[in-house]
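So that the names make sense, note that chain A is the first sequence line, chain B the second, and so on, each numbered from 1.
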Amino acid sequence: MGTYLTPLISPKHVELDKLQGRILAIDAFNSIYQFLALVRDKYGRPLTNSRGQVTSHLVGLVSRYSRLVYEYNMLFIFVFDGPPHPLKRKELERRKTLREKARQEYLELLRKGDLEKAFSKAVVSASIDEWIVESSKKLLRLMGFPIIQAPHDAEAQAAFLVKSEQAWAVGSMDWDSLLYGSPRLVRYVTLTGFEWLPSKMMARKLMPEIVELEETLNMLGITHQQLVDLAILVGTDYNDGIPGVGPKRALYLIKKYGSLEGLPLNLKKMLPNNYKEIRELFLNPPITTSYDIIFGELDEEGLRKFLVDENDFSHEKVETYLKRLREAFQRRTRTLDYFL
DNA sequence: CGCAGGTA
DNA sequence: TACCTGCGG
């Protein structure tokens with residue numbers, strides 16, 4: 001879920017045209033999860049192949065990213081989460097419980113014939129399993145995109161890619177890459193742009209948004225480390241926040257007392273014992289530098305076999321995706337030749 | 001979600 | 001042009 005910082009951050013709307021030619025480091029699970037949540041039939045069931053394996057994520061990934069590459073010359077590096085950091089276990093358990101509860105409610109509502117409510121529960125119950133991870137990686141490789149396996153949190157690795165100027169921005173819905181020090185974050189890089197709001201059971205139209213870390217810190221009047229301290233007060237994937245302290249109050253406290261160390265004793269004793277370790281995890285996260293970013297060949301035959309033969313995509317649609325990818329790829333090669 | 005094919 | 005609906009796998 002990431003850290004709740006929404007009330008403090010003022011993203012700027014941006015036209016897709018303004019992202020022309022940019023390299024984005026995509027939090028792969030974050031993107032896949034959105035497709036799993038939204039690409040569903042009218043009963044709220046995900047799309048599947050004839051063997052019953054889920055294909056919603058494949059539909060979403062190939063249609064969205066082939067078009068963004070084709071129409072906007074964008075490039076994508078997909079960063080996958082590694083095994084969760086030990087401190088994150090508790091948060092993951094909590095999410096699992098939520099999903100299982102939603103799954104039970106979904107089945108019950110479906111039995112009663114309340115399709116609309118069932119759909120909203122189905123969305124919450126979406127989860128990523130081995131098949132979804134492996135089939136996503138296979139598809140993205142066939143499309144020629146580089147994949148990076150993060151040691152733990154993909155947002156940390158993606159932030160590193162932007163810090164080291166291997167990517168222009170992180171692409172994710174969550175704010176955590178900013179805590180990990182990414183200079184730039186883009187959200188809602190989609191074609192039609194809708195977000196599902198489970199609480200209201202409706203979809204909201206969205207525009208791509210951009211957040212600059214430096215600008216955000218200036219606006220809030222704090223440093224990066226203070227932003228991390230603020231997040232620890234609110235609650236992160238690694239700790240529960242202090243009861244009654246939301247983003248606004250946390251900002252007030254951090255500006256008044258400077259840091260977690262400076263807090264009055266009654267508040268300080270409510271901090272997790274390992275708050276220094278958590279802070280360090282954001283300021284100096286475990287990342288890997290052993291990877292190559294290679295925008296590889298487009299494997300047309302491989303894509304036909306994988307999508308049409310193995311996953312029951314329509315031949316016509318796959319040819320459309322191939323055409324986009326092929327033209328984008330050739331355009332890229334020509335540009336490269338021009339510079340060489 | 002992305003898209004096509006409808007309607008106002 | 002804006003909005004709605006239903007489908008994809």
Rounded to the nearest angstrom, tell me the gap between atom [atom1] in [X] and atom [atom2] in [N].
| X | N | atom1 | atom2 | value |
| --- | --- | --- | --- | --- |
| Tyr72(A) | dG2(B) | OH | P | 11 Å |
| Asp309(A) | dG9(C) | CG | P | 14 Å |
| Lys42(A) | dC4(C) | NZ | C1' | 16 Å |
| Leu307(A) | dG9(C) | CG | P | 10 Å |
| Asn49(A) | dG8(C) | CG | C1' | 13 Å |
| Leu38(A) | dG8(C) | CG | C1' | 14 Å |
| Leu58(A) | dG9(C) | CG | C1' | 9 Å |
| Leu115(A) | dT5(C) | CG | C1' | 15 Å |

**Request:** Please determine, by modelled atom types, if Ser50(A) and Asp312(A) share a side-chain donor-acceptor pair under 3.5 angstrom.
**Result:**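 There is such a pair (donor and acceptor under 3.5 Å, judged by atom type) between the side chains of Ser50(A) and Asp312(A).
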**Asked** Does a donor on one side chain sit under 3.5 Å from an acceptor on the other, for Asn311(A) and Asn49(A)?
**Response**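 There is such a pair between these side chains.
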**Request:** Among dC3(B), dG9(C), dG8(C), find the nucleotide with the atom closest to the side chain of Asp312(A).
**Result:**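 The listed nucleotide nearest to Asp312(A)'s side chain is dG9(C).
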**Prompt:** Among dG8(C), dC3(B), dG2(B), which is the nearest nucleotide to the side chain of Arg67(A)?
**Reply:**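 Selected nucleotide: dC3(B).
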**Asked** According to a strict under-4.0 Å criterion, is Arg64(A) in side-chain N/O contact with OP1 or OP2 of dC3(B)?
**Response**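 For dC3(B), OP1/OP2 do not have a side-chain N/O of Arg64(A) under 4.0 Å.
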Please output the side-chain donor-acceptor pairs of residues 76-86 of chain A that fall under 3.5 Å, not counting sequence neighbours, one pair per line with the distance.
from: Asp81(A); atom 1: OD1; to: Ala154(A); atom 2: N; distance (Å): 2.7
from: His85(A); atom 1: ND1; to: Leu87(A); atom 2: N; distance (Å): 3.1

**Request:** Describe the nucleic acid contact of Thr48(A) in one word from base, sugar-phosphate, nothing, applying a heavy-atom distance below 4.0 Å.
**Result:**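 Counting heavy atoms under 4.0 Å across all strands, the contact made by Thr48(A) includes a base.
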**Request:** Give one of base, sugar-phosphate or nothing for Ser314(A), where a contact means two heavy atoms less than 4.0 Å apart.
**Result:**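 Answer is sugar-phosphate: Ser314(A) comes under 4.0 Å of backbone atoms only.
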**Request:** Please write out which residues are connected to Leu109(A) in a hydrophobic cluster, directly or through intermediates, given that two of Ile, Leu, Val, Met, Phe, Trp, Tyr count as joined at side-chain heavy-atom separations below 4.5 angstrom.
**Result:**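 For Leu109(A), no cluster forms, as it stays isolated from other hydrophobic side chains.
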